[in-house]
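One structure is given here, and the rest of the page talks about it.
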Amino acid sequence: MRFGCVLVGPPGSGKTTACHGLQQFLTAIKRPCANINLDPANDALPYPTDVNICELITLDDVMTEFSLGPNGGLIYCMEYLENNLEWLKSKLDSLDDKFLIIDCPGQVELYTHHSSMRNILAWFEKNGFRICVVHMVDAHLCTDPFKYVAALILSLKTMIQLELPHLNVLSKIDLLPSYGKLAFNLDFFTEVQDLSHLLDRLESDRSFPKRLGKLNRALCELVEEFSLVGFLTLAVEEKESMLRLVRAIDKAIGYAFGSAGSTAEMVLESVAAVDSSYLRDLADIQERYDL
């Protein structure tokens with residue numbers, strides 16, 4: 001059994017930065033890992049890759065050859081990869097049992113509507129990989145109720161579409177203070193338990209179109225009825241935050257059980273035992289960043 005995580009989310013949500021941070025953190029705790037780039041538009045990565053889809057196909061080449069725009073080009077690239085998974089298998093076979101960190105494109109339609117990414121991730125599962133989806137959402141969306149509702153719907157649709165162990169992450173939490181104070185405590189946005197307060201705030205906004213009131217209420221009720229969406233927080237440059245993310249990923253895919261006794265896991269457990277401040281609760285995070 002082999003393990004890994006795949007980072008998805010909108011452009012600018014911090015996927016590539018988080019991949020780099022995970023690679024550095026796992027290396028520090030002596031867990032062998034490999035970086036996999038499945039974004040054919042990302043040709044300026046800040047870290048070396050072990051597998052790079054740009055060796056198979058690039059977005060620029062597709063756009064030039066078929067006169068496609070960036071969205072159509074990315075869909076073509078993912079369909080091409082889906083039809084050439086033997087190439088991917090040959091690359092992965094050379095990585096032994098390294099933990100995979102998979103960076104993906106930022107086109108959200110690939111995770112909410114199109115089938116290629118779902119089929120590619122299902123292929124990983126069928127070939128003995130336990131994969132956790134880490135869906136990145138920029139934390140600054142919490143400062144705008146309209147954008148936060150959109151992020152909830154996007155997160156829910158991605159979870160339903162991909163059908164894999166899944167974590168939603170509010171990224172760049174350390175930058176959130178620059179956008180001002182939150183309307184509610186941080187746990188309101190991470191636990192997603194009672195959105196009626198958010199609806200009240202939306203409807204009290206004079207710029208809010210009244211004709212959209214029923215739509216927003218229906219969307220919030222949909223999220224609450226599924227009761228699937230919740231968020232972790234992440235500040236990539238803080239080891240405590242990275243530790244929380246790694247432990248959540250490990251729990252989601254059963255890494256601690258599948259590789260019991262491994263050096264990486266023993267190091268991870270010892271780090272947590274030595275410094276319990278790594279497990280800060282949300283109140284501590286809110287106080288620290290003055291949210």
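A donor atom on one side chain and an acceptor atom on the other are found under 3.5 Å apart for Asp61 and Thr58. Looking at Asn35 and Asp50, their side chains never bring a donor and an acceptor atom within 3.5 Å of each other. Between the side chains of Asp194 and Ser196, a donor-acceptor pair is found at a separation under 3.5 Å.
Side-chain contact between Leu59 and Asp43 is absent, with no heavy atoms from C-beta onward closer than 4.5 Å. Looking only at side-chain heavy atoms (C-beta outward), Ile29 and Leu243 stay at 4.5 Å or farther from each other. Between His166 and Thr158 the shortest side-chain heavy-atom distance falls below 4.5 Å. Val169 places a side-chain heavy atom less than 4.5 Å from the side chain of Leu245. The side-chain heavy atoms of Ile102 and Leu38, taken from C-beta on, include a pair separated by under 4.5 Å. Contact annotation: the side chain of Trp123 approaches that of Lys89 to within less than 4.5 Å [non-hydrogen atoms, C-beta and beyond].
Ser178 places a side-chain N or O within donor-acceptor distance of the main-chain N or O of Leu175, the cut-off being under 3.5 Å. Side-chain atoms of Glu79 never come within 3.5 Å of backbone atoms of Ser116 as a donor-acceptor pair (strictly under, hydrogens ignored). Remark: the backbone N or O of Asp187 is not paired with any side-chain donor or acceptor of Asn185 at under 3.5 angstrom. Here the side chain of Lys15 pairs a donor or acceptor atom with the backbone of Gly9 at under 3.5 angstrom. Formation of a donor-acceptor pair under 3.5 Å by the Ser90 side chain with backbone atoms of Trp87 is found in this model. Proximity of a side-chain donor or acceptor of Tyr148 to a complementary backbone N or O of Phe189 within less than 3.5 Å is detected.
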Quiz: residues 226-234 side-chain donor-acceptor pairs under 3.5 angstrom, not counting sequence neighbours:
none

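Within the structure, every pair that satisfies the salt bridge (charged side-chain N to carboxylate O under 4.0 Å, His left out) test and touches residues 156-182, not counting sequence neighbours, is listed here: Asp138-Lys172, Lys181-Asp290.
In summary, of the residues considered (Ser13, Ser155, Cys142), a side-chain contact (heavy atoms from CB on, under 4.5 Å) with Val137 occurs for Ser155 alone.
Asp96 is linked by a salt bridge (Lys or Arg N to Asp or Glu O under 4.0 Å) to nothing, counting only residues two or more places apart in sequence or in another chain. Scored by the salt bridge (Lys or Arg N to Asp or Glu O under 4.0 Å) test, Lys91 finds Glu55 as partners (sequence neighbours excluded). Not a single side-chain contact (heavy atoms from CB on, under 4.5 Å) links Pro48 to another residue, sequence neighbours left out. Under the rule for a salt bridge (Lys or Arg N to Asp or Glu O under 4.0 Å), Arg201 has no partner lying at least two apart in sequence or in another chain.
For Phe66 and Tyr76, the distance between ring centers is under 6.0 angstrom.
The two atoms that bring Pro40 and Ile57 nearest to each other are CB-O, 3.8 Å, heavy atoms only. Minimum heavy-atom separation, Ala18 to Val236: CA-CG2, 4.0 Å. Ile253 and Ile131 make their closest contact through CG2-C, 3.7 Å (heavy atoms, listed as atom of the first residue, atom of the second, distance). Considering every non-hydrogen atom in both Pro105 and Leu74, the closest pair reads CB-CD2, 4.1 Å. Listed here is the closest heavy atom pair of Met136 and Pro10: O-CD, 3.3 Å. Here the closest heavy-atom approach between residue Asn42 and residue Asn37 is recorded as O-ND2, 3.5 Å.
Both the sub-6.0 Å distance and the 45° axial angle are satisfied by Arg31 relative to the ring of Phe99.
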